[in-house]
Visitor: 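Provided herewith is a single structure, encoded as structure tokens, for subsequent inquiry.
What you see below is based on every heavy atom in this structure, not just the backbone, and it leaves out hydrogens, waters and symmetry mates. In the text below, chain A, chain B and the rest are named by the order of the sequence lines, each starting its count at 1.
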2 protein chains.
Amino acid sequence: MSVSLKDVAERAGVSIKTVSNVVNNYRHVTPAMRAKVQRAIDELGYRPNLTARHLRKGRTGILALAVPELGNPYFAELAGAVIDVAAEHEYTVLLDHTGGRREQEILVSQGFRARVIDGLILSPIELEREDLLGRDHDAPLVLLGEREYDLPYDHIAIDNVAAARSAIRHLLAVGRSRIAFLGARTDRVNEPSHLRLRGWRAELTEAGLPAPDSMIAPTGGWDHPDGAAAMARLLDSGVLPDAVFAYNDLIAVGAMRVLSERGLRVPEDVAVVGFDDITEGRYGAVTLTTISPDKQTIARLAVQSVVERLHGTPGPTDGQEATGGAGTPAGTPGATRARELRADFRLVERESTVGSG
Amino acid sequence: MSVSLKDVAERAGVSIKTVSNVVNNYRHVTPAMRAKVQRAIDELGYRPNLTARHLRKGRTGILALAVPELGNPYFAELAGAVIDVAAEHEYTVLLDHTGGRREQEILVSQGFRARVIDGLILSPIELEREDLLGRDHDAPLVLLGEREYDLPYDHIAIDNVAAARSAIRHLLAVGRSRIAFLGARTDRVNEPSHLRLRGWRAELTEAGLPAPDSMIAPTGGWDHPDGAAAMARLLDSGVLPDAVFAYNDLIAVGAMRVLSERGLRVPEDVAVVGFDDITEGRYGAVTLTTISPDKQTIARLAVQSVVERLHGTPGPTDGQEATGGAGTPAGTPGATRARELRADFRLVERESTVGSG
DNA sequence: ATGAAAGCGCTAACAA
DNA sequence: TTGTTAGCGCTTTCAT
């Protein structure tokens with residue numbers, strides 16, 4: 001076993017408390033004493049046992065982040081940002097992925113996968129409101145992403161409806177009118193895609209254009225193959241759009257691949273807009289126009305939200321915007337009301353809509 | 001605070017030990033007793049305090065994985081695999097990224113960032129042998145990736161020289177002879193790229209072809225922009241290769257982008273081979289031929305290695321291959337010798353070398 | 001089969 | 001300013 005406070009204390013001929021004081025940089029320690037203790041620490045190679053410290057303090061210094069899929073660059077990049085922000089707050093991040101499967105998301109939300117954590121940041125796909133209703137876990141929870149629950153947990157997202165509308169507006173501005181939506185799920189109401197779909201519909205309707213169901217191509221998942229399959233199915237069904245708005249960049253890239261296989265040029269024949277602004281979209285043969293969510297802010301708001309609840313400092317939100325939510329998070333010290341936190345987004349115009357001219 | 005063993009014991013009118021027995025599924029507990037205790041547990045909503053358990057048992061059930069960059073899909077996908085394998089062994093994964101910076105890698109190796117961990121899987125970029133020489137940390141360490149150290153730690157990688165050679169052999173087979181290498185670092189000997197570079201050189205030499213330095217394009221990093229910049233520099237220098245072997249897929253995709261901007265066709269004018277087999281390479285306008293390392297096996301071997309040292313079961317390696325290493329890992333129960341573990345790889349032929357015919 | 005009590009390494013009252 | 005001591009919640013001898 002390794003060196004403990006007691007060993008150091010004996011070696012230095014002082015009490016445990018004094019050593020603890022030195023280790024924790026307490027004010028009232030004479031320089032001489034500090035030096036003596038420090039020497040013993042160095043000689044013995046003492047390193048504090050975090051587990052013991054945590055048991056005592058009731059906290060672990062670990063935050064969990066659960067995303068659907070690490071293979072999706074958007075989530076990987078977001079995870080990287082969360083890790084960095086957490087480090088600034090002296091927290092380490094335990095990462096988990098749920099595959100977007102409801103049971104996994106439930107397990108995570110109840111702390112069965114990632115245990116020993118102080119707080120949890122969860123980006124759900126299939127999770128239902130009721131799954132969170134009876135959540136019995138001390139760790140503060142913050143929700144990320146497109147879905148909206150009326151629950152006492154902070155929720156962080158960009159304005160998906162507005163983002164979708166701005167994408168469609170851009171497509172209209174470059175002269176398109178038959179704009180398909182790729183990547184909807186139509187089986188439930190509160191789907192990840194429903195807000196973006198709503199934006200698509202609203203903007204088209206407002207422009208006096210039809211938004212027929214035939215222009216909505218559902219996908220089973222949200223990866224390249226799903227986009228490719230959906231695009232192929234749409235074309236096979238005899239529908240030829242002059243633009244495509246995809247639920248995310250991976251779907252958009254998959255769709256572009258199919259378009260080029262079919263001899264359709266992007267953007268001349270079909271313009272494409274994605275969502276997420278992953279690096280990949282900047283380096284294809286045709287670069288991808290996309291909605292770029294402010295990942296840094298999302299990460300910062302998420303970590304901040306958890307840390308605030310942990311430390312009981314409701315404090316100023318310092319986010320872009322905050323509107324009242326519902327109720328009060330259970331079992332959290334800083335029991336401020338749940339907040340709806342918004343991060344910014346912007347439309348990045350690239351070749352897939354405006355060409356390389 | 002939450003419910004403790006003691007609370008449950010009082011509620012059930014039994015001793016703490018009995019409750020502990022029930023919680024831990026010990027054999028010798030009468031069904032009646034078990035039922036009674038279980039009822040108290042349910043009523044109180046008791047959940048064991050993992051931190052306390054860990055303090056007592058001396059282990060935390062947490063493994064750390066540190067990769068250079070989560071934004072690189074290769075590492076993101078690898079991380080996903082590690083998380084899954086670790087879960088099979090009942091470990092959770094704490095993820096960290098080092099940015100490939102030496103100081104960060106040193107910090108991680110000594111457990112300064114991720115503390116409270118039982119073991120560490122590290123994929124270093126700049127770390128030097130000496131940085132690990134005096135490593136003073138109980139947690140077993142396993143090294144991943146291209147670099148080779150003669151140190152008492154298990155190392156897991158594919159055979160990079162062989163992989164590079166097979167890539168070059170493929171390019172030769174499709175009729176190329178002026179094959180550039182993109183993504184070398186020439187400033188040090190033990191660079192991540194040096195084994196692949198060696199394979200490039202060996203295969204060319206064996207084929208009686210020149211392998212001039214002018215065909216080696218260094219990069220500052222390993223992302224799209226680095227590949228694009230290196231390709232542009234190479235072309236600007238007046239060198240026109242008929243093939244490019246890139247250190248990784250991101251560099252390859254960046255290079256392809258520049259090629260297409262310059263009006264060069266892939267593969268007609270320039271064939272391209274990458275390394276990593278990230279999903280992105282399968283969905284570009286031109287799909288990418290690449291070396292596909294067996295990520296599953298890498299993840300499995302890595303987790304296995306750490307877990308074995310932790311549990312003191314040297315056990316059968318069950319990897320593809322194992323050659324003797326150096327010395328004995330310090331401070332690990334199962335002090336078997338350090339092993340050189342190999343995972344498989346395969347060449348995946350796609351359009352960037354064989355066209356879409 | 002169950003209970004009593006010690007102690008993992010640390011922090012935080014409280015004393016001195 | 002430094003020392004003493006009581007736990008944090010759990011597992012684990014050792015009794016019974």
Visitor: Under 4.0 Å from OP1 or OP2 of dG9(C): is there any side-chain N or O of T51(A) that close?
Guide: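 For dG9(C), neither OP1 nor OP2 has a side-chain N or O of T51(A) closer than 4.0 Å.
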Visitor: To the nearest Å, how far apart are R59(B) CZ and dC8(C) P?
Guide: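 To the nearest whole Å, that distance equals 18 Å.
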Visitor: Kindly give the heavy-atom pair with the smallest separation between Q110(B) and R47(A), and that separation in Å.
Guide: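 Smallest heavy-atom distance, with atoms named: O-NH2, 2.9 Å.
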Visitor: Can you tell me how far P of dC8(D) sits from CG of L55(B), to the nearest Å?
Guide: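 Atom CG in L55(B) sits about 13 Å away from atom P in dC8(D).
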Visitor: Rounded to whole Å, please give me the gap between CG in L44(A) and C1' in dG9(C).
Guide: 15 Å
Visitor: Using whole Å, what does the distance between atom C1' of nucleotide dC8(D) and atom CG of D7(B) come to?
Guide: 13 Å
Visitor: 5'-most contact on DNA chain C: L5(A) or T30(B), nearest heavy atom basis?
Guide: T30(B)
Visitor: Should R59(B) and E90(B) be marked as a salt bridge (Lys or Arg N to Asp or Glu O under 4.0 Å) after you check the CA-CA gap, both sets of side-chain angles, and the distance that decides it?
Guide: CA-CA 12 Å; R59(B) 302 198 297 100; E90(B) 307 205 294; over 6 Å; no
Visitor: Can you list, by residue number, the residues of residues 13-29 of chain B that have a non-hydrogen atom closer than 4.0 angstrom to DNA chain D?
Guide: I16(B), K17(B), S20(B), N24(B), Y26(B)
Visitor: Within this structure, what is the CZ-to-P distance between R53(B) and dC10(D), rounded to whole angstrom?
Guide: 8 Å
Visitor: If you take all heavy atoms of L78(B) and K295(B), which pair is closest and at what distance?
Guide: CD1-O, 3.9 Å
Visitor: I need the minimum non-hydrogen distance between A338(B) and R309(B), along with the two atoms involved.
Guide: CA-NH2, 3.9 Å
Visitor: Report the distance from atom NZ of K6(A) to atom C1' of dT5(D), rounded to the nearest whole Å.
Guide: 14 Å
Visitor: Within the 3.5 Å criterion, strictly below it, is a donor on H97(B) or D84(A) matched to an acceptor on the partner's side chain?
Guide: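 Present: a donor and an acceptor within the cut-off.
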Visitor: Got a second to check how far L127(A)'s CG is from R102(A)'s CZ, nearest 0.5 Å?
Guide: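 These two atoms lie 7.5 Å from each other.
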Visitor: Starting from C1' on dT11(C), measure out to CG on N49(A) and report it in whole angstrom.
Guide: 13 Å
Visitor: NZ of K57(A) versus C1' of dC10(C): gap in Å, rounded?
Guide: 10 Å
